[in-house]
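The structure under discussion appears below in the form of structure tokens.
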Amino acid sequence: MMPESSLVKDHYGISVKCGAPLLRHFNQSSLPLHGNTNAQSAFCTQQNVPECLSHINQEVSSLGLRTIWTELDESSDLNVVTVLNCMHDLIQLHRRSLRTLENMEVEQLKSSSKLDYLQLSTTRLKEQLECSKRENTGLLERERQLQQKVKSLQNCLKNEKEEMQKLQNMIASRATQYNHDMKRKERDLNKLKERLSQLLVDKKERKQAIDVLNNIGRADGKRSVWKTEKTEAKHEGEMYKTLLSDYDARQRDLVLENAELRRVLHQVKNDMVSLLRLKKLTQKGVQNERDGTQANSEEEQEEEGFEPGKELFSVHASEKLTNSIRLQWRRLKSHVEQLDSQVSLAQVNAGKSSETTPRETQEEEVDKLKLEIQEYKDLIQTQQHLLQHQLSSSCDEITSLRNDGYMLQEKERLRGEWKTLEGQRSIFERERKNFTEAAIRLSHERKAFEEDRATWLKHQFLSLSPCGDPKKLMLSNPTGASSTGETELNLQLTQEKLSEFLSDSASTPKYRSSSSLSTVDLHHALHATPENLLIKPKVKTTNTEESRNLWEDFPILQELSEP
Amino acid sequence: MNFSEVFKQSNQLCKVSPDGKYLATCVQYRLVIRDVNTLQILNLYTCLDQISHMEWSSDSLFILCAMYKRALVQVWSLEQPDWHCKIDEGSIGLVSSRWSPDGRHILNTTEFHLRITVWSLCTKAVSYIKYPKACQKGLDFSRDGCYMALAERRDCKDYVSIFVCDDWHLLRHFETETQDLSGLEWSPNGCVLAVWESCLEYKMSLYSLDGRLLSTYSAYEWSLGIKSVSWSPSSQFLAIGSFDEKVRILNHITWKKIAQFEHPAIIDNTKATVYKEIEKRPAVSSDEMSLHDITVASSLFSTQSKYDISPLPVQIPVVKPDPDRANPKIGVSALAFSSDSRYIATKNDNMATAVWVWDMQKLRLEAVLEQTSTIRCFQWDPRRPRLALCTGNSKLYLWSPGGCVSVQVPAEGGFQVHSLNWHCSGDSLILIGKDQLCLCYMDADQNNE
């Protein structure tokens with residue numbers, strides 16, 4: 001739009017200067033005004049001025065401006081004033097539109113910038129929102145932690161309060177005990193004071209005295225001895241003697257206990273060694289190399305351990321003993337772990353030796369194992385079903401159930417196989433029947449063909465010979481011809497049928513291989529037979545006979561097929 | 001099981017002589033000596049005042065009768081009924097009197113524990129021991145009778161003096177680690193002396209015979225501590241019962257705790273049998289869980305009782321002690337080892353109706369006997385693992401690993417068994433009531449089990 005408007009503006013200037021030539025220009029088609037129209041055909045030419053006028057009139061009126069030309073004007077010349085007015089109006093219109101366009105563009109710019117701004121602001125706000133959400137979660141997290149802390153602190157506080165209560169109770173009980181003791185002592189003291197005062201007052205002081213009828217002898221009958229240093233030393237000695245004897249007795253007991261424990265440890269060690277040895281014997285081959293060095297060290301230790309009596313009192317020996325026991329125990333443990341893993345592997349592999357699997361057949365074995373697993377799973381399922389059946393029918397013994405289950409499962413399998421066999425057999429029978437029918441038909445047709453051939457040959461022969469009975473031949477031929485044609489057709493049909501049969505036979509299972517061979521050969525034979533029949537007339541009689549016994553006389557067919 | 005007839009006694013003073021032949025009882029101011037089996041009166045002695053304390057000498061030849069009010073001690077001879085001996089403490093008073101292990105010296109403790117006077121009956125000599133401590137158990141003789149340990153208090157400090165009983169020679173004198181010594185006890189082998197603190201602090205100190213400190217043991221601080229102590233007869237274990245309702249067993253090699261027996265109110269998750277005494281209203285025949293036939297002449301007013309095995313869990317009735325009173329009725333106050341050290345019987349004061357029997361070999365609870373009333377006394381048979389207990393009613397209860405039996409004491413007018421003592425042979429029991437006594441003879445076949 002822009003270039004046109006500029007052009008218009010320029011030409012507005014031009015139009016002010018040259019009004020008339022404009023009209024002339026207007027009439028002409030080579031106006032630069034219509035820059036575009038130079039390329040196109042001019043709107044107005046000398047010929048179509050009135051039409052142009054009317055057209056322009058219409059356009060202008062449609063635009064809502066005053067018309068430039070009315071039909072009342074007779075002169076072909078236009079009213080310049082109205083045209084100019086019109087042009088002015090148009091220009092004004094154009095200007096207005098341009099302005100609106102500008103405005104719209106400005107508006108559009110504004111709106112686009114606003115949009116951009118809004119987009120920016122939304123992204124910013126989104127970011128802000130994200131930020132604030134994160135902050136929020138962070139704050140929530142902190143709040144939760146603080147709450148937990150509060151809870152734990154409350155617990156602590158509770159515990160502390162309880163402890164404090166306990167301590168208070170303790171203090172209270174101690175205080176009561178102290179008070180009680182104090183009171184008792186005070187009472188004693190008071191009694192003592194009273195007694196003292198009484199004694200001080202009391203004049204009669206009763207002294208201590210003993211009144212014995214006669215001295216009695218000592219309990220052990222000996223005479224009493226003066227207290228001297230000797231006796232004191234003797235007492236000391238006796239005291240130490242008692243202490244020593246007590247310690248001696250205790251030590252003796254401990255020694256006996258130690259000996260017993262040592263003996264037990266030795267026994268344990270020997271048991272473990274023998275156990276490990278037994279288990280080693282069962283795992284020859286691969287492990288021997290590995291355990292070679294270990295066995296040596298074991299033997300060494302065994303030799304060491306065979307002198308329990310001598311080394312009873314040395315700490316070193318006891319250390320050795322405990323170390324050897326620890327070693328044996330570790331070995332036993334590792335052995336038991338190994339056995340456990342082996343057992344688990346053996347269960348997975350279902351009886352295969354897990355130790356000697358070469359890498360080449362590993363994948364094969366894995367596949368085989370998977371298959372086996374599937375089979376066993378199916379077996380288990382069927383057995384489960386059978387078991388359930390048996391249980392529902394309330395069977396007593398579990399072993400008989402299992403056996404019955406096995407039997408049933410076997411029966412099922414056999415039945416299935418029997419069914420498939422039966423099916424195949426029926427198919428086989430059907431095919432056989434069809435084949436025999438076809439063969440019979442074929443034989444019939446061949447017979448007919450042979451007869452025709454024979455008649456034809458006869459005819460030929462007779463025709464060749466001076467005397468001929470064409471009538472006979474003709475009589476016989478039509479039937480023969482028709483029959484040959486029929487036989488040919490029939491042969492073809494049979495051939496088709498045979499091919500069908502062959503295709504069928506190809507799809508039948510392998511156990512029919514013997515029959516399929518014969519059909520193939522038969523096919524070959526039959527393919528070959530028309531030619532043979534033509535070439536070898538000699539054999540025709542035998543053919544008709546033998547063609548009936550197709551199935552049985554297999555070698556004869558082979559003969560037939562040989563050229 | 002045979003029961004003798006009921007005899008009078010006063011002050012619960014009935015003791016069998018150490019050789020097991022004679023039974024001495026005090027009735028007011030008379031001392032009655034009977035033959036244990038026939039219960040015939042062999043001798044009768046008259047004292048000057050009501051007898052407060054009576055004790056046989058170790059050789060079963062002499063009996064001392066102490067009259068605390070009059071500060072008199074009279075000694076009687078069994079062989080020579082005419083022989084007499086009188087010890088007068090005079091103004092200084094008498095608080096306790098006892099024999100020395102040789103049976104020839106008498107130790108009198110004066111009033112206020114001012115001193116201990118050692119009277120010799122052989123030489124009439126007198127010795128004094130100063131500053132004895134007035135505590136729960138301040139004096140103990142070793143089992144072989146060679147040594148005596150005495151707690152002393154001088155200048156607000158505790159000391160222990162070890163005397164040789166032969167000539168009262170002071171062998172050792174040492175200060176103890178205690179603040180306020182409450183008791184001491186020799187181990188049965190006489191080589192270790194256990195010394196423990198008052199209940200304000202849990203502290204058990206172990207001293208060797210020559211006065212060396214072997215070890216101290218303290219289970220906890222601040223709460224009330226040791227309430228009762230008992231050595232096992234084999235000297236292997238020292239059982240300490242405390243106010244926290246637990247018994248701790250120390251071993252004699254390391255003096256460290258090897259076991260802790262607790263007395264929970266709800267017994268659960270244990271292999272022990274809980275026997276509960278169930279009283280039945282008067283029944284003609286008794287169908288107790290008895291080990292053998294018992295001939296019992298039941299009186300009309302007594303209620304029969306039997307033991308039932310309660311299924312776990314069992315709740316033992318607990319009586320909460322008054323927190324404001326001193327020496328609260330809580331904690332293990334009684335401990336007793338059986339003679340073979342195989343079992344230990346304990347009583348927790350706030351579950352006063354139950355006796356707990358623990359197996360020392362397996363270190364776990366063996367049986368609990370729940371009675372209908374509070375237990376007054378229990379004692380092990382000196383020969384075999386059999387526990388006799390009484391609860392102040394007219395029944396005698398016996399526990400052995402085989403089972404439990406409740407026996408009615410046949411006595412007219414009701415006989416309340418307050419305490420009991422085994423005869424040293426383990427063949428009979430002396431049942432002591434308020435002012436009566438009765439002998440219970442065990443059957444020969446029962447004893448052979």
Side-chain angles (χ1 to χ4, degrees), chain A residues 166-167 169-185 188-189 191-192 195-196 198-199 202 204-220 222-228 231-232 234-236 238-240 242-247 249-250 253-254, chain B residues 57-59 61-62 71 75 77 80 82-93 102-104 111-112 117 119-124 126 134 144 146-147 162 164 166-169 171-172 180 189-192 198-200 208-210 222-224 235 243 252-253 323-328:
Chain A
K166 254 191 245 167
L167 283 168
N169 290 341
M170 228 188 281
I171 290 168
S173 65
R174 285 174 80 87
T176 49
Q177 200 71 32
Y178 275 127
N179 289 337
H180 176 85
D181 281 342
M182 272 299 145
K183 280 188 192 142
R184 192 159 48 88
K185 287 207 159 80
D188 276 346
L189 188 66
K191 256 195 248 169
L192 191 65
R195 199 65 209 286
L196 185 64
Q198 194 194 37
L199 279 169
D202 208 4
K204 253 200 291 183
E205 198 187 309
R206 291 188 297 124
K207 279 217 169 126
Q208 282 178 311
I210 180 166
D211 172 28
V212 186
L213 185 67
N214 54 338
N215 287 354
I216 50 176
R218 275 167 59 93
D220 50 1
K222 289 184 199 164
R223 262 195 285 162
S224 57
V225 192
W226 288 109
K227 253 196 214 174
T228 55
T231 54
E232 281 173 26
K234 203 175 75 175
H235 286 314
E236 286 275 322
E238 271 172 22
M239 176 192 82
Y240 283 119
T242 22
L243 277 174
L244 275 171
S245 59
D246 176 62
Y247 283 130
R250 214 193 285 177
D253 288 334
L254 287 169
Chain B
S57 70
S58 54
D59 53 3
L61 294 174
F62 300 95
V75 187
S77 163
Q80 300 172 17
D82 303 328
W83 188 89
H84 64 268
C85 170
K86 187 178 82 175
I87 299 169
D88 185 8
E89 283 293 335
S91 327
I92 207 158
D102 63 356
R104 296 293 178 269
E111 212 173 346
F112 309 113
T117 322
W119 298 94
S120 163
L121 295 175
C122 311
T123 62
K124 286 198 255 180
V126 183
D144 54 3
C146 293
Y147 304 102
I162 297 177
V164 180
D166 232 6
D167 54 1
W168 305 106
H169 157 232
L171 189 67
R172 285 287 187 277
D180 184 11
N189 61 5
C191 297
V192 181
S198 73
C199 60
L200 287 169
S208 150
L209 175 59
D210 56 346
W222 307 124
S223 296
L224 293 177
S235 306
F243 280 90
H252 72 304
I253 299 173
D324 294 330
R325 286 181 70 89
N327 295 320

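Below, each value reflects all heavy atoms present in this structure, side chains not excepted, and no hydrogens, waters or symmetry copies. Chain letters run A, B, ... following the sequence lines, proteins first and then strands; every chain starts at 1.
Checking side-chain atoms of A:Arg174 against main-chain N and O of B:Leu200 turns up a donor-acceptor pair under 3.5 Å. Under the 3.5 Å distance criterion, the side-chain polar atoms of B:Arg325 are left unmatched by any main-chain donor or acceptor of A:Thr176.
Here A:Gln198 contributes atom CD and B:Ser91 contributes atom OG; the two are 9.0 Å apart, rounded to the nearest 0.5 Å. Of the inter-residue distances, the one linking A:Tyr178 atom OH with B:Ser198 atom OG reads 7.5 Å to the nearest 0.5 angstrom. Between the CH2 atom of B:Trp222 and the CG atom of A:Leu167 there is a distance of 9.5 Å, given to the nearest 0.5 Å. For the atom pair B:Glu111 CD and A:Asp188 CG, the distance stands at 9.5 Å (nearest 0.5 Å). Note: A:Asp246 CG to B:Leu209 CG = 9.5 Å, rounded to the nearest 0.5 Å. Note that CG of A:Leu192 is 4.5 Å distant from CZ of B:Phe112, once rounded to the nearest 0.5 Å.
Taking chain B as the reference chain and counting heavy-atom pairs below 4.5 Å, the highest number among A:His235, A:Glu232, A:Met170, A:Lys191 is found for A:His235. Among B:Leu121, B:Thr117, B:Val75, B:Ile87, the residue making the largest number of heavy-atom pairs under 4.5 Å with chain A is B:Leu121. Between chain A and the residues B:Asn327, B:Asn189, B:Leu224, the largest count of heavy-atom pairs under 4.5 Å involves B:Asn327. For the set B:Cys85, B:Ser57, B:Ser77, the entry with the most heavy-atom pairs within less than 4.5 Å of chain A is B:Cys85.
In this structure, no portion of A:Lys166 lies under 4.5 Å from any heavy atom of chain B. Both the backbone and the side chain of A:Asp211 come within less than 4.5 Å of a heavy atom in chain B. Only the side chain of A:Leu254 comes within contact range of chain B, with heavy atoms under 4.5 Å apart. When heavy atoms are compared at a cutoff of 4.5 Å, B:Cys146 does not approach chain A at all. Only the side chain of A:Leu199 comes within less than 4.5 Å of a heavy atom in chain B; its backbone stays farther off. Looking at B:Trp119, only its side chain comes within 4.5 Å of chain A, counting heavy atoms on both sides.
Contact check for B:Ile92 versus A:Gln208: side-chain heavy atoms found under the 4.5 Å cut-off. The closest side-chain heavy-atom distance from A:Leu243 to B:Ser208 is below 4.5 Å.
Using a 4.0 Å cut-off between charged side-chain N and carboxylate O, A:Lys207 and B:Glu89 make no salt bridge.
Taking every heavy atom of both residues into account, B:Tyr147 and A:Met239 meet most closely at OH-CA, 3.1 Å. Listed here is the closest heavy atom pair of B:Pro328 and A:Gln177: CD-OE1, 4.3 Å. Of all non-hydrogen atoms in A:Tyr240 and B:Arg172, the two that sit nearest each other are OH-NH2, 2.8 Å.
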Checklist line | Working for side-chain contact (heavy atoms from CB on, under 4.5 Å), residues B:Lys86 and A:Ile210 | finding: CA-CA 6 Å; B:Lys86 187 178 82 175; A:Ile210 180 166; over 6 Å; no
